[in-house]
Amino acid sequence: ETCPCEWLSFNEACYYFSKKRANWHKAKESCNSKNASLAVISSNQELDYLKSRIGSTHHWLGLSDSETEGSWKWLDGRPVEKRQVLANDAFWNSGEPNNAANNEDCGLLTSSKLNDIPCNSEEHWICEMKL
Ligand code: 2F8
Ligand code: CA
């Protein structure tokens, strides 16, 4: 199997890095309309791969604590510990998630690591489709 045109292949999955920006909910819907999901990170290799593709830009992931503040969950239902460590690489940026202004419920991949920011922020996003 191969990935659709404009998608990149890595470890049995295909990834789409949006050129547009949208809020988290619209980004999620855009992925769903492509039979995909906002990207869910489940290994250190996957984290490193996605980081290697985004340069200094920022992208939404399928990660939020909208349901219960402080209880971070991936869109596949897996919970995330505040100090989740993937292999030896810390997952969140130092000091994150901090729920700044009590209004940061969506997870963003940055060139360093992860940050929580307001879900209505317009950002690029990453879709993931399993092969
Ligand atoms: O210092 C980290 C802090 O930086 C910004 O707030 C000033 C981020 N906000 C946005 O990107 C909207 C915070 O999420 C981040 O924690
Ligand atoms: Ca934050």
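All values below were derived from every heavy atom in this structure, side-chain atoms included, with hydrogens, water molecules and symmetry-related copies excluded. Both ligands and their constituent atoms are indexed starting at 1 by order of listing. Being a predicted model, the structure only gives us computed values, none of them experimental.
The nearest heavy-atom contact from the protein to atom 16 (O) of ligand 1 is E96 OE2, 2.6 Å. Annotation: atom 9 (N) of ligand 1 to nearest protein heavy atom, E104 OE2, 3.4 Å.
The atoms of ligand 1 that sit less than 4.0 Å from any heavy atom of D116 are 14 (O). Which parts of ligand 1 touch N98 is read off a 4.0 Å heavy-atom cut-off, strictly below it: atoms 16 (O). For ligand 1, the atoms sitting less than 4.0 Å from at least one non-hydrogen atom of I117 are 10 (C), 11 (O), 14 (O), numbered in the order shown with element in parentheses.
Residues Y16 and I41 do not share a hydrophobic cluster, defined by chaining ILVMFWY side chains whose heavy atoms lie under 4.5 Å apart. Residues I54 and W7 do not share a hydrophobic cluster, defined by chaining ILVMFWY side chains whose heavy atoms lie under 4.5 Å apart.
K73 is listed as a side-chain neighbour of E67, based on a closest heavy-atom distance under 4.5 Å. Side chains of R78 and S42 form a contact here, defined as non-hydrogen atoms less than 4.5 Å apart.
Note: angle at the Ca ion (ligand 2), from OD1 of N98 to O of D116, is 140° (rounded to 10 degrees).
Residue-ligand proximity: P118 is placed with a non-hydrogen atom under 4.0 Å from ligand 1.
The nearest protein heavy atom to atom 13 (C) of ligand 1 is closer than 4.0 Å. The nearest protein heavy atom to atom 4 (O) of ligand 1 is not closer than 4.0 Å.
The atom of E96 nearest to the Ca ion (ligand 2) is OE1, with the search restricted to N, O or S atoms. Summary: OE1 is the N/O/S atom of E104 found nearest to the Ca ion (ligand 2).
Between Y15 and F10, the ring-plane angle classifies as tilted under the 30° and 60° cut-offs. Using the six-membered ring where Trp is involved, H59 and F17 have ring planes that are perpendicular, over 60° apart on the 30 and 60° scheme.
Residue contacts to the Ca ion (ligand 2): N93 brings no N, O or S atom closer than 3.0 Å.
Under 3.5 Å, the side chains of E69 and N99 contain a donor-acceptor pair of N or O atoms.
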Open item on the list: Run the side chain to side chain donor-acceptor pair (under 3.5 Å) test on E122 and N23 for me, step by step, so that the C-alpha distance in whole Å, both residues' side-chain angles and the decisive distance to 0.1 Å come before the verdict.
Closed with: CA-CA 5 Å; E122 307 251 316; N23 67 40; 4.7 Å; no
